[in-house]
Q: 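Next up is a structure, given as structure tokens.
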Amino acid sequence: MFRIKTSIATLTLCTLLTAPAWGDAQSPIRLVIHGGAGTITKDTITPEQEKQYTEKLTEALNAGYAVLNKGGSSLEAVQKAINVMEDSPLFNAGKGAVFTHDGRNELDASIMDGKTRKAGAVAGVTTVKNPINAAYAVMTQSPHVLMVSTGADTFAKEQGLATVDPAYFKTDFRWQQLQNAIQKEKVLLDHDGKSAALFADPMMYDYKYGTVGAVALDKDGNLAAGTSTGGMTNKRYGRVGDSPIIGAGNYADNETVAVSATGSGEMFIRTLTAYNIAAQVKYRNTPLKDAAQNALDEVKALNGSGGVIVLDKAGNYTMSFNSEGMYRGTIGDDGKPVVAIYR
Ligand code: ASP
């Protein structure tokens, strides 16, 4: 009897010593990013470009990982990863954003906190250097979710965020893309004169997207999602796409998933892509890959294309797209970045 009691005591003591104390249990960490989807094949980019994209995506992954690895929040990791891509002319976000029909760069971004389901977004900003930081400021420093145009720029400046002359965003490559789009549109207009149809169908142009996004899971088990973009080449009349629309181009909820989308924004808005995926997980327990595929199938049914990155609280993730390629990558606890571009 005495012996049994001793062993039980020993066992209990051992269990107490080896089991993590409540609150110390750590979640796996994970960061998944995208740098846009579209007509991206081995034939459309040079080996030099491929190297540049691979290096920049790796840098973005490492920047986010540095935050997560030292116990930082998923919200900060998402911003840090996106900042790297916003500051690079390679992507259609921040520097290197596409041009509107009028030759301006109007940027959109959003961020969402999976723990609180708080969200912030800006649309049509022209002077804040890193729109994702402005979105974060809207979420944390205002009672609002979405601010647009000059009001959003003023707010960002008041918050002390870095601002730039609008010329900062300009790159020759994007300028040429605009000239090509205008030329193509002219040819189409001369041909059948159906201007309304043209404006209504952004897929008529050979868009290479380049929106950037990130989803992250931190050591506390909190999810976050962020998306940042210049929108679509040749866009008009204050057009805003899905990227700053919570539930369309971005969404995060600890109970389900974090999602960032890229592609033909109009169709992503019409099918509420990001929330569509979260809802499937929430109400039907659909596996992430299937939920993403179902959502992209709905986009495709409206003649849209693009991709999504999706991450859940257990660290499961998918990087799915129905375009030819998507700049993408991920990093987890082992700290080894994995990057891919083609199908
Ligand atoms: N979804 C973005 C938009 O429609 C474009 C993109 O993903 O490249 O504004």
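For ligands, and for the atoms within them, numbers begin at 1 and follow the listed sequence. Small disclaimer: the values here were computed from a predicted structure and weren't measured.
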Q: Tell me if a side-chain donor or acceptor on Asn83 pairs with a main-chain N or O of Asn130 at a distance below 3.5 Å.
A: no
Q: Does ligand 1 have any atom that is closer than 4.0 Å to a heavy atom of Ser243?
A: yes
Q: Look at Glu86 together with Lys80 and state whether they make a salt bridge at an N to O cut-off of under 4.0 Å.
A: no
Q: Using distance alone, determine whether Ser264 and ligand 1 share an N or O pair under 3.5 Å.
A: no
Q: May I ask you to list the atoms of ligand 1 that are less than 4.0 angstrom from any heavy atom of Gly231?
A: 5 (C), 9 (O)
Q: Show me which atoms of ligand 1 lie under 4.0 Å from any heavy atom of Thr262.
A: 6 (C), 7 (O), 8 (O)
Q: Would Gly265 count as a polar contact of ligand 1, with the cut-off being nitrogen or oxygen pairs under 3.5 Å?
A: yes
Q: Please list all pairs meeting ring-ring contact (aromatic ring centres under 6.0 Å, His included) that have one or both residues in residues 79-127, counting only residues at least two apart or in different chains.
A: Tyr53-Phe91, Phe99-Trp175
Q: Search all heavy atoms of Thr233 against all heavy atoms of Leu178 and return the closest pair with its distance.
A: CG2-CA, 3.7 Å
Q: Assess whether a salt bridge exists between Glu266 and Arg239, defined as any Lys/Arg side-chain N lying under 4.0 Å from an Asp/Glu carboxylate O.
A: yes
Q: Residue-level breakdown please: for Ala261 versus ligand 1, do any non-hydrogen atoms fall below 4.0 Å on the side chain, on the backbone, on both, or on neither?
A: neither
Q: Below the 3.5 angstrom mark, is there an N/O of Asp242, backbone or side chain, next to an N/O of ligand 1?
A: yes
Q: Which heavy atom of Ser264 sits nearest a heavy atom of Ser305, and at what distance?
A: OG-N, 2.8 Å
Q: Any carboxylate oxygen within less than 4.0 angstrom of a Lys/Arg side-chain nitrogen, looking at Lys129 and Asp87?
A: yes
Q: We want to know whether Asn222 and Asp113 form a side-chain donor-acceptor pair, criterion being a heavy-atom distance below 3.5 angstrom.
A: no
Q: Decide whether the shortest distance between a heavy atom of Gly36 and an atom of ligand 1 is less than 4.0 Å.
A: no
Q: Please state whether Arg239 comes within less than 4.0 angstrom of ligand 1, counting heavy atoms only.
A: yes
Q: Tell me which one of Thr211, Asn92, Thr273 gets a heavy atom nearest to atom 5 (C) of ligand 1.
A: Thr211
Q: State if Gly263 counts as touching ligand 1 under the rule of any non-hydrogen atom under 4.0 Å.
A: yes
Q: Taking 4.0 angstrom as the limit and counting only heavy atoms of Gly210, give me the atoms of ligand 1 inside it, by number and element.
A: 8 (O)
